[in-house]
Amino acid sequence: MRQARLHHEVRQGHPRAALDAEAVRDAYRRWAGVYDGVFGAVSAAGRNRAVAAVNALPGTRVLEVGVGTGLALPRYAREKRVVGIDLSRDMLRRAQDRVVSQRLRNVAGLVEMDAEAMAFRDGSFDIAVAMFTATVVPDARRLLREMCRVVRPGGDLLFVNHFAAEGGLRWWAERTLAPLSRVLGWHPDFALGDLLHDPRSAAEITACAPFGLFTLVRVPNRPFPPR
């Protein structure tokens, strides 16, 4: 496993504004119109790396958690049947426009849904992928548990995300921005330990070009320990 150098502990001791569903909806209502232009190019390498990983994995039933405006949808292999969910109705409208305009027939559905309380049955998917989503939800570990539930045992959970630096200028900037989480709609100081109880449970942790700003994490779907 190629290990990226990340801060594994849950951050404490500095202000962090709590996120909730309404804060996320409000933030992405503001971002929806400019999201592709502002974040599309910056996030492209991480997004492409995640979809390539999904395409290489066995199984055809794919859940994209936090599908947003659907930037990743055209890159899935034709044999993958993709369902996308998002909490933002404004983002989903743009994703649906993309599906129609690009005739993406392997996109089986786009649904407004809370990623921390999904309506899917247990084991509904072979793979679940969350790109730039773990920093957005109020409780990343609850997200992880829900993804584990809706993916069949032996399937895969994938995340592409920005994780907090261990030091330097970026670390300082992340801590400084932490109190603005509700305005931004995401946690700038999000650490790998905020997502995984034990980072050693990941089968892969790979820094994505350029500059390693984003990291791909793949977790085999195994039962979680009791809470």
Side-chain angles (χ1 to χ4, degrees), residues 10 16-33 35 39 43 47 50-51 54 61-73 76 81-99 107-153 155-163 178 180-197 217 219 221 223-224 227:
V10 178
R16 173 190 271 182
L19 286 176
D20 53 42
E22 284 309 309
V24 173
R25 283 192 182 97
D26 287 344
Y28 283 88
R29 189 176 298 117
R30 295 190 298 270
W31 285 118
Y35 185 88
F39 296 107
S43 61
R47 185 171 57 253
V51 176
V54 169
R61 302 172 300 163
V62 177
L63 173 65
E64 185 176 335
V65 180
V67 68
T69 62
L71 283 168
L73 294 177
Y76 288 103
R81 298 290 294 171
V82 183
V83 173
I85 68 168
D86 205 283
L87 196 60
S88 170
R89 189 172 301 176
D90 300 86
M91 303 285 266
L92 283 170
R93 288 194 190 103
R94 294 177 180 274
Q96 186 60 54
D97 290 344
R98 193 183 305 275
V99 169
V107 177
L110 297 170
V111 186
E112 184 180 348
M113 190 179 294
D114 185 347
E116 294 183 22
M118 298 186 215
F120 303 116
R121 294 179 179 177
D122 295 0
S124 294
F125 300 95
D126 301 305
I127 305 161
V129 56
M131 294 178 249
F132 321 109
T133 302
T135 51
V136 171
V137 298
D139 186 340
R141 288 187 178 175
R142 186 173 176 182
L143 164 69
L144 180 63
R145 286 184 179 275
E146 272 294 270
M147 289 173 64
C148 179
R149 181 184 67 79
V150 302
V151 169
R152 63 171 173 80
D156 290 277
L157 316 177
L158 290 96
F159 300 86
V160 167
N161 221 81
H162 166 79
F163 294 104
L180 301 177
S181 296
R182 289 180 66 87
V183 176
L184 295 169
W186 53 284
H187 289 300
D189 62 334
F190 187 82
L192 184 59
D194 289 319
L195 176 64
L196 300 181
H197 292 274
V217 178
V219 182
N221 191 25
F224 276 83
R227 299 187 191 206

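Positions are given from 1, in the same order as the sequence printed here.
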Any side-chain heavy atom of [X] within less than 4.5 Å of one from [Y]?
{"X": "L73", "Y": "E64", "answer": "yes"}
{"X": "L63", "Y": "M118", "answer": "yes"}
{"X": "V107", "Y": "Y76", "answer": "no"}
{"X": "V151", "Y": "D156", "answer": "no"}
{"X": "E146", "Y": "D114", "answer": "no"}
{"X": "L196", "Y": "V217", "answer": "yes"}
{"X": "T69", "Y": "R98", "answer": "yes"}
{"X": "F132", "Y": "L71", "answer": "no"}

If only atom types and distance count, is the side chain of N221 paired as donor or acceptor with the main-chain N or O of R152 below 3.5 Å?
->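 Yes, because the side chain of N221 sits within donor-acceptor range (under 3.5 Å) of the backbone of R152.
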
Donor-acceptor contact present, side-chain R81 to main-chain A108, <3.5 Å |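 Judged by distance alone, no pair lies under 3.5 Å.
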
Specify the closest pair of heavy atoms between [X] and [Y], including all atoms of both residues, with the distance to one decimal.
{"X": "V129", "Y": "A50", "result": "CG2-CB, 4.3 Å"}
{"X": "V65", "Y": "A115", "result": "CG1-CB, 3.5 Å"}
{"X": "A119", "Y": "M113", "result": "N-SD, 3.4 Å"}
{"X": "A134", "Y": "L143", "result": "CA-CD2, 4.0 Å"}
{"X": "R141", "Y": "G193", "result": "NH2-O, 2.5 Å"}
{"X": "G68", "Y": "D86", "result": "N-OD2, 2.8 Å"}

For R93, salt bridge (Lys or Arg N to Asp or Glu O under 4.0 Å) partners two or more places apart |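 D90.
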
For F120, enumerate each residue passing the ring pair (Phe, Tyr, Trp, His ring centres under 6.0 Å) test, keeping only those at least two apart in sequence or located in another chain.
->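 F120 satisfies ring pair (Phe, Tyr, Trp, His ring centres under 6.0 Å) with F125 once adjacent residues are dropped.
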
What's the spacing between L144 CG and L157 CG if we round to 0.5 Å?
->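 Answer rounded to 0.5 Å: 6.0 Å.
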
Roughly how far apart are L195 CG and T133 OG1, rounded to 0.5 Å?
->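 Here the interatomic distance stands at 11.0 Å.
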
